[in-house]
Engineer: 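Take a look at this one; I'll ask things after.
Both backbone and side-chain heavy atoms feed into the values below; hydrogens, waters and symmetry mates do not. All residue numbers in this chain count up from 1 along the given sequence. Whatever order the structure lists them in is the order used to number ligands and atoms, beginning at 1.
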Amino acid sequence: MSKQRSSTSTTDPGDFGHNDSCNPTFAEVLASRMDRRTLFKGGFYLMVASVFGSALAGCGENKQPSKAALAPAAKTPPPVPASGLALSFKPVAKSVADVLSVPEGYTATVLLATGDPLKAGVSAYKNDGTDNDFEVRAGDHHDGMFYFGLNAAGTGWDASNAQRGLLCLNHEVAEDLGFMHPAGATDLGTGNVNARPVLEIDKEVAAHGVSIVEIARSGNGYQTSLTNPLNRRITAATVMELSGVAAGSELMKTAFSKDGLQTRGTLNNCSNGYTPWGTYLTCEENWAEYFHRREADSARTPQELVAFKRYGMKGDTSGRYNWSRPGASDSTDLYRRWNAGITGATATDDFRNVANTFGWVVEIDPFNPQATPKKRTALGRFAHEGCVPAKAEAGKPLVFYMGDDSRNEYIYKFVTDAKWDAADANGGLAAGDKYLNAGKLYAARFNADGSGEWLPLTLDNTAVAQYDKYAFADTADVAIHTRLAADAVGATKMDRPEWAAVNPLNGEVYITLTNNVSEKNGRGVAMPLDAANQRYYVDEKDGKRVAGNVNGHIIRWREAGDDHAATRFQWDVYLFGAPAEAGADINLSGLTADNDFSGPDGLWFSQSTPGLLWVQTDDAYYTDVTNCMMLAAIPGVVGDGNTVQVVNKAVPTHDNADQAIGCPVGSKPQATALRRFLVGPKDCEITGITETPDGKALLVNIQHPGERSSESWASDGNITSHWPDGGNARPRSATVVITRNDGGKVGV
Ligand code: FEO
Ligand code: CA
Ligand code: CA
């Protein structure tokens, strides 16, 4: 997700924090005087760990881990993955140049950039703001993606085919800088009450969603095949079915769908997933910012206001894109549908409930253009980053892991009621109905001793049924207000959970925690440190001081009994982001110039090279030293390190005293097991990764190069990146294909 919103705000929408459930309050937050330069001089003193245990002080009874939870989980010696892998490339150096760098002996080629045609006969993208047909072009802000091999006829799924496949990729947002318009966007942004031109709105709506396009091997690389009738776009206007527990709920009814069974569009499609039956999952992340609620809070019930606050649905004229056309007559519901305020007599006369129809995992059948995409409500509603399956095993439930990317939000998993039957492979959305409409949704609690629990979000759980801050009406209400149910059960508030990945060698689950920095509710500032979110420190970039978990970390766990449906697990921290020159109590993983990074976000275990992990960054705090990047890693296993005392200086939540937190930490990665593989062009984010089944081509997305260009670039010409086209071209997001010049497997 973009961090810099030049025309609307300067924060990453994923940076918003709306979880103030049971937070301690701190009357004073004193500024630390330590800046990065001070830290790098090593100007801090060591201290003895003695204060661990107070991090949860101030939370309610139901937040305290149970005695059973605190008891050490049964310890089994962790098997070492027998991957026999070794990284075979020379690390790529950090860079702030406007180029895409890959290792010697590799080639990166642009496959599909914003605006590129998806159908035969569509003209080449002019990239001057005059192309208005994004329904037949690649959308903007490429993000999560997946390669589905095609069968010989080009009509169905063959998971092993590396020659040709359908690429499904997300388009998270439309560039706020308005590069798709002739001279930038008009009247965009929070607080803007002017009606926007409908042509601009229509283009931006169409630039969101998902692209599906055939790609085929060509020489040592790939190119798009524009004649396949399966090529298509799904946008923020495409009709979708609501399915599962919340379908048809009173809370889902709108003027568009009086029975609450449909909505239009998918939005802010961030990371992704896929199913064992060959369908694509796209995840709706920062959807709340698309809606206006132009009404006084007094127009809504106290219960509604609790829910709005928890999901960041503000009662003002905010709204990132201004799509509801405030100030216009607003009689066309194509635009009115973005106004989530009460404007009619009943819920079926207006769009007061429309935001409840967003925030879901959406299932798409890439092989059936006639199949209406389905929003799978049983998987909960939050700022869905991704939805990653554990390996399917016959006769066992399927399990999907998911992060809610906002400050202090939770990690979830969904366990299907139905047991996997391999006969359902190629089952399309009918198989989705079987597996994804009924199951148990859990939120994770990470205990200080390295054990963890999955807490069920169901009305059978008295913590949910008797929650004193929100009275759930029914099961649909629990699904629609997942965050409140997770508050009720006392899940662990995390440092912005992003992508999940499952190690095919041993089933261990990894998830990136990108950062947690905020004076208002960031880690260590207003949110207490805990064993799983254990770092607070101060950094400075471009004269601006930031404090909290600045560089992020990657947590991992192993389910009890190696059963993904288990309700207990054992966890540790795999990796801490940090500048290499940071002090040892910040650079806890011992990163060097060859592998230091900040802001882990994208995460993917290769399926063709089991044991090989890819880490992508979306960083805001180390970009004075390097653009965002991708690293290759060969991780060990949960429990291969020790519990360490993470030393934090002058922690505001600790009365500005120093604090040490005991934390299970994996073994430090050796230089041979973590290397920088790619550095992107200026002001981009690296997000989205998939591979061909032979492991010889890696597909990677470069999102929003030039994001920190001037708001008035159209007149002052201040564009910070011209990638990928070069010259004076406007920057574009793009999928690149990376291959080895000798035709070998990538990375190893
Ligand atoms: Fe769209 Fe949390 O990144
Ligand atoms: Ca991010
Ligand atoms: Ca992300």
Engineer: List for me each residue that meets side-chain contact (heavy atoms from CB on, under 4.5 Å) alongside Asn587, sequence neighbours excluded, and say none if there are none.
Structural biologist: Ala578, Ala582, Leu591

Engineer: Restricting to N, O or S atoms of Glu172, which is nearest to atom 1 (Fe) of ligand 1?
Structural biologist: OE2

Engineer: Using 30° and 60° as the class boundaries, would you call the ring planes of Trp557 and Phe569 parallel, tilted or perpendicular?
Structural biologist: tilted

Engineer: Among the N/O/S atoms of Glu385, which is closest to atom 2 (Fe) of ligand 1? Give the atom name.
Structural biologist: OE1

Engineer: Does any N, O or S atom in Glu285 come within less than 2.8 Å of atom 2 (Fe) of ligand 1?
Structural biologist: yes

Engineer: Can you tell me if His704 and Glu685 form a side-chain donor-acceptor pair at under 3.5 Å?
Structural biologist: yes

Engineer: Atom 2 (Fe) of ligand 1 and Asp405: any N/O/S contact shorter than 2.8 Å?
Structural biologist: yes

Engineer: Indicate if the distance from the Ca ion (ligand 2) to the nearest N, O or S atom of Asp618 falls below 3.0 Å.
Structural biologist: yes

Engineer: What's the verdict on ring-ring contact (aromatic ring centres under 6.0 Å, His included) for Phe414 and Tyr442, showing C-alpha distance, side-chain angles and the deciding distance?
Structural biologist: CA-CA 6 Å; Phe414 178 73; Tyr442 297 88; 9.2 Å; no

Engineer: By atom name, which N, O or S atom of Glu498 is the nearest to atom 2 (Fe) of ligand 1?
Structural biologist: OE1

Engineer: Compute whether any side-chain donor of one residue and acceptor of the other, for Thr512 and Asp601, lie under 3.5 angstrom apart.
Structural biologist: no

Engineer: Name whichever N, O or S atom of Asp601 ends up nearest to the Ca ion (ligand 2).
Structural biologist: OD2

Engineer: Could you list the residues that satisfy side-chain contact (heavy atoms from CB on, under 4.5 Å) with Ser95, not counting sequence neighbours?
Structural biologist: Ala97, Val679

Engineer: Below 3.0 Å, any N, O or S contact between Glu498 and the Ca ion (ligand 2)?
Structural biologist: yes

